[in-house]
Amino acid sequence: MFAAGALLAFAQPAQAGPTSELDEAAAQALFDEAMSLMEAGRFSAACPKLKDSLALDPAIGTRFYFATCLERTGRLASAWTSYVAAADEASTLNRRDQEREARWRAEALRPRLPWLTVVVPDEVRGAAGLQIRRDGHALREAQWGAAVPVDPGVVSIEASAPGRMPWRMRWVAREGERVTIAVPPLAAKPRSASAPPPARPGVPPARWAGYATGAAGVAALGVGAAFGLHAAVMKGRASCDAQGRCATSSDAARLDQAISSARISTATSVIGGALLAGGVVLALTAPSTDAGRPAGASSQLTVGLSGIAVRWVVR
């Protein structure tokens, strides 16, 4: 439980400066709520109300109780800072009892404080635009290399600079511990991470279409050659005269297969030749890059008995 009687020197939130009546009333209400919460042992709920009261009315007593609340919730460095600030304000207002109490509390906390020193070597300082952050807050250059008290718990240290890979680390601060952390040199970002190389022009789609069409033509010619070979073999096995008269029914069947294969061979060879020729024409007439053809344009291949035609169609 919170022993309010031990803090009689700060029984009333003495003001450090003028404030409006409305702000003063709101600050007093928040202060009273916080005191009730602290007496009930609910320090985590009391601290935000004391902080808001302090923002409305920067009273020395409120600052002192805020420091006490922070101390009871384990935020030792924040409590120490508030005690020192309360002592300095009390000294300015010549409130000696309040100053002695606040300084005594600050000194009693000092051995329990975790201290952190962030060292930034000269080779790291040379990085243009270097920023060092602790728990998301920027550290001024004057703080580099200086021992600073921190609250117990997880402390995050970050270093960043334009064009360089960021560096991060976490440290679990414990009471009374003193730690020095040196920021390492920041590595340069890979080229892909900072400036991607210019795109290389690839083969335009129309030219790929020509290659595919030519490949289909070659395949068709291969099929035609296979059927032509089959026709020749079957005709050679059939015992038939020039008029198509065969010695047996088996010979007649072989002759029919030869004729059928020959017709397929002729058709596929014609189509294959047309496709091959069309693919060559399409590949040779395609623009060297996509920029060489109109936007939205595509190629169209026409194969007919009279020849082959390639034209560009704009949609």
Side-chain angles (χ1 to χ4, degrees), residues 1-4 6-7 9-10 13-17 27 30-93 95 98-118 132-140 142-158 168-181:
M1 300 293 288
F2 172 65
L7 306 177
F10 293 89
Q15 295 179 6
L30 289 167
F31 179 84
D32 292 341
E33 289 183 35
M35 298 310 311
S36 297
L37 291 169
M38 291 176 70
E39 289 176 0
R42 300 175 58 189
F43 295 96
S44 295
C47 290
K49 294 185 180 296
L50 287 171
K51 183 178 181 180
D52 290 342
S53 176
L54 193 61
L56 292 170
D57 182 11
I60 301 174
T62 305
R63 189 177 300 281
F64 182 88
Y65 283 109
F66 180 51
T68 303
C69 191
L70 293 172
E71 180 182 357
R72 297 297 290 269
T73 55
R75 299 173 60 185
L76 303 183
S78 300
W80 179 79
T81 302
S82 293
Y83 280 136
V84 171
D88 290 343
E89 291 177 13
S91 176
T92 301
L93 296 174
R95 299 178 182 272
Q98 293 178 341
E99 179 186 359
R100 279 194 298 271
E101 181 68 20
R103 292 202 188 281
W104 180 84
R105 297 243 172 196
E107 288 303 312
L109 269 184
R110 182 180 283 274
R112 299 174 57 194
L113 298 177
W115 293 81
L116 172 65
T117 303
V118 178
I132 309 296
R133 295 181 178 273
R134 187 187 71 222
D135 293 332
H137 301 287
L139 291 181
R140 297 184 177 89
Q143 295 175 285
W144 300 353
V148 178
V150 296
D151 290 329
V154 178
V155 179
S156 175
I157 307 297
E158 303 176 26
R168 299 180 181 87
M169 77 160 293
R170 289 185 175 183
W171 166 56
V172 180
R174 297 177 176 84
E175 289 191 22
E177 190 175 26
R178 289 180 174 267
V179 170
T180 298
I181 296 176

4.5 Å side-chain heavy-atom contact, [X] and [Y]:
| X | Y | result |
| --- | --- | --- |
| Lys49 | Asp52 | no |
| Thr62 | Asp57 | no |
| Gln98 | Phe64 | no |
| Phe43 | Leu37 | no |
| Thr68 | Met38 | yes |

Atom of [X], atom of [Y] and distance for their closest heavy-atom approach:
| X | Y | answer |
| --- | --- | --- |
| Val155 | Arg134 | CG1-CG, 3.7 Å |
| Leu50 | Phe31 | CD2-CD1, 3.9 Å |
| Pro114 | Trp171 | CB-CH2, 4.3 Å |
| Tyr83 | Ala102 | O-CB, 3.5 Å |
| Ser44 | Pro48 | O-CD, 3.1 Å |
| Ala173 | Val150 | CB-CG2, 4.0 Å |

**Request:** May I ask you to decide if Ser78's main-chain N or O and Ser82's side chain share a donor-acceptor pair within less than 3.5 Å?
**Result:**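 Yes; judged by distance alone, with no hydrogens or angles, the pair exists.
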**Asked** Within the side chain of Thr81, is there an N or O that forms a donor-acceptor pair under 3.5 Å with the backbone of Ala77?
**Response** yes
Interatomic spacing from [atom1] in [X] to [atom2] in [Y] - rounded to 0.5 Å:
| X | Y | atom1 | atom2 | result |
| --- | --- | --- | --- | --- |
| Glu175 | Asp151 | CD | CG | 10.5 Å |
| Glu158 | Asp135 | CD | CG | 9.0 Å |
| Leu93 | Ile60 | CG | CD1 | 4.5 Å |
| Ile157 | Arg133 | CD1 | CZ | 12.0 Å |
| Leu76 | Leu70 | CG | CG | 9.5 Å |
| Trp104 | Leu109 | CH2 | CG | 9.5 Å |

For [X], which residues count as a side-chain hydrogen bond (donor to acceptor under 3.5 Å, both in side chains) partner, sequence neighbours excluded?
| X | answer |
| --- | --- |
| Asp88 | Arg103 |
| Arg174 | none |
| Asp32 | Gln28 |
| Gln143 | none |

**Request:** Return the set of residues passing salt bridge (Lys or Arg N to Asp or Glu O under 4.0 Å) with Glu107 (not counting sequence neighbours), or none when no residue passes.
**Result:** Arg110
**Any residue meeting salt bridge (Lys or Arg N to Asp or Glu O under 4.0 Å) with Arg100, in chain and number order, not counting sequence neighbours** =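 Applying salt bridge (Lys or Arg N to Asp or Glu O under 4.0 Å) to Arg100 gives Asp97.
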**Asked** Quick one: do Arg95 and Glu99 make a salt bridge, cutoff under 4.0 Å?
**Response**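 A salt bridge is absent here (no side-chain N lies under 4.0 Å from a carboxylate O).
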